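Everything quoted here is computed from the prediction, not taken from an experiment. Side chains included, hydrogens not; waters and symmetry mates left out as well; all remaining heavy atoms used.
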Amino acid sequence: MLHIINKSPLEKSSLETCLAVAQDGGIVLLIEDAVYAATRGNTAAARLTAAQDRLKICVLGPDLEARGLADRLIEGVTSIDYGGFVDLAAEHKSQSWL
Amino acid sequence: MKFGILVNEGPYQHQASDSAYLFCKAALERGHEVHRVFFYHDGVNNATRLTEPPLDDRNIVKRWTKLAEEHKLDLVVCVAAALRRGILDENLAPGFRISGLGQLVETGIEADRVVTFGD
Amino acid sequence: MEGVIKKFMFVNRKAPYGTVYALESLEVVLISAAFDQDVSLAFLDDGVYQLKKGQQTKGIETKNFSPTYRALDGYDIEKLYVEREALEARGLSEEDLLVDVTVLSRKEMGALMEEQDVVLSF
């Protein structure tokens with residue numbers, strides 16, 4: 001299942017709940033303000049790194065670039081474009097953690 | 001693959017409509033079909049033709065209209081949510097139509113995938 | 001598409017009244033009943049506050065829509081799932097809720113979500 005998150009982890013608990021609910025083998029895609037979670041030094045980054053052995057973590061590149069943080073993406077997180085987003089959404093059912 | 005898209009936020013205030021638009025464009029470029037884009041909650045505000053953004057900004061409403069024209073998209077605005085917010089046939093932008101919530105459930109049934117954009 | 005029955009899950013993660021999402025989500029749920037689909041509702045995070053007993057909205061001059069949750073079984077919508085951790089984090093228990101629900105852990109909720117054909121979040 002594709003889990004789409006769009007909130008900064010310091011603003012809302014969406015990422016935390018999602019990581020607890022998501023079943024092993026799922027994909028977490030960070031878009032909009034959620035991309036901050038996958039940047040070096042953010043307090044949520046460690047949680048994402050810890051989740052990587054059971055979930056695939058992706059970030060929407062254009063959203064990361066727009067926020068000036070493309071050079072701070074943490075290890076192991078895949079940056080994708082809108083086409084990549086479409087591919088993930090075609091391959092998996094999705095849940096948006098609004 | 002047939003996508004159904006749900007947009008729950010209005011233009012400009014939130015990035016949801018931009019994200020949904022860019023997703024639709026990318027899906028169409030990849031040869032997928034967009035079965036319907038359903039606008040709900042404040043998302044109905046994407047459908048007013050009275051929007052006039054500054055010239056150096058994107059025109060979110062016109063962009064949806066253009067995409068609908070080019071790809072024969074079905075842009076549906078929820079009637080109950082629209083009436084609450086003053087979106088009526090007389091101020092509806094081209095390419096949009098006002099209909100019932102059943103159209104959202106129908107998209108869930110008929111599309112292969114539904115992707116939601118909101119706050 | 002006649003005769004197609006899909007599993008629909010409506011995911012509610014927002015409290016009522018502060019924003020309109022809970023009310024308008026309930027409106028979709030009621031409409032979905034007319035389509036004879038396999039519908040379930042999930043309440044996570046602040047969404048559990050939607051089901052709190054004793055809502056009195058006169059003072060904020062807003063319609064109290066919480067009785068509608070009790071009317072859902074009349075529409076054959078009987079699968080209501082509530083996240084255990086969300087209740088605990090908010091000092092609530094099942095007795096505080098105005099309808100009968102099934103309480104699930106986050107992991108169980110995730111497994112149930114995986115079984116769905118369509119997940120709609122508001």
Checklist entry - So, does A/Lys93 use its side chain to make a donor-acceptor pair with the main chain of C/Val118 at under 3.5 Å? => result no
Next on the checklist: What part of A/Ala22 gets within 4.5 angstrom of chain C, counting heavy atoms only: side chain, backbone, both, or neither?
Outcome noted: backbone
Item to check | Which portion of A/Leu2 sits near chain C, non-hydrogen atoms under 4.5 angstrom | outcome: neither
Checklist entry - Where the side chain of C/Arg13 meets the backbone of A/Leu98, is there a donor-acceptor pair that is under 3.5 Å apart? => result yes
Item to check | Under 4.5 Å from any heavy atom of chain C - which part of A/Ser14 | outcome: both
Checklist entry - OH of C/Tyr75: more than 12 outside heavy atoms within 6.0 angstrom? => result no
Checklist entry - Is atom CG of C/Asp100 surrounded by more than 12 heavy atoms (other residues, nucleotides or ligands) closer than 6.0 Å? => result no
Next on the checklist: Under 4.5 Å from any heavy atom of chain A, what part of C/Gln116 do you find: side chain, backbone, both or neither?
Outcome noted: backbone
Checklist outcome for this item: Taken to the nearest 0.5 Å, the spacing of C/Met113 CE from A/Met1 CE works out to 6.0 Å
Item to check | Candidate pair C/Asp45 and A/Ser13, rule side-chain contact (heavy atoms from CB on, under 4.5 Å), full reasoning | outcome: CA-CA 8 Å; C/Asp45 294 317; A/Ser13 59; 3.9 Å; yes
Next on the checklist: Quick check against the 3.5 Å criterion: does A/Gln23 have a side-chain atom that pairs as donor or acceptor with the backbone of C/Glu114?
Outcome noted: no
Item to check | Heavy-atom contact with chain A under 4.5 Å, split by part of C/Asp46 | outcome: neither
Checklist entry - Do other residues, nucleotides or ligands put more than 12 heavy atoms under 6.0 Å from C/Arg90 CZ? => result yes
Next on the checklist: Rounded at 0.5 Å granularity, tell me how far CG in A/Asp24 sits from NZ in C/Lys107.
Outcome noted: 6.5 Å
Checklist entry - Looking at C/Ser121 and A/Ser96, what are the two nearest heavy atoms and their distance? => result OG-O, 3.0 Å
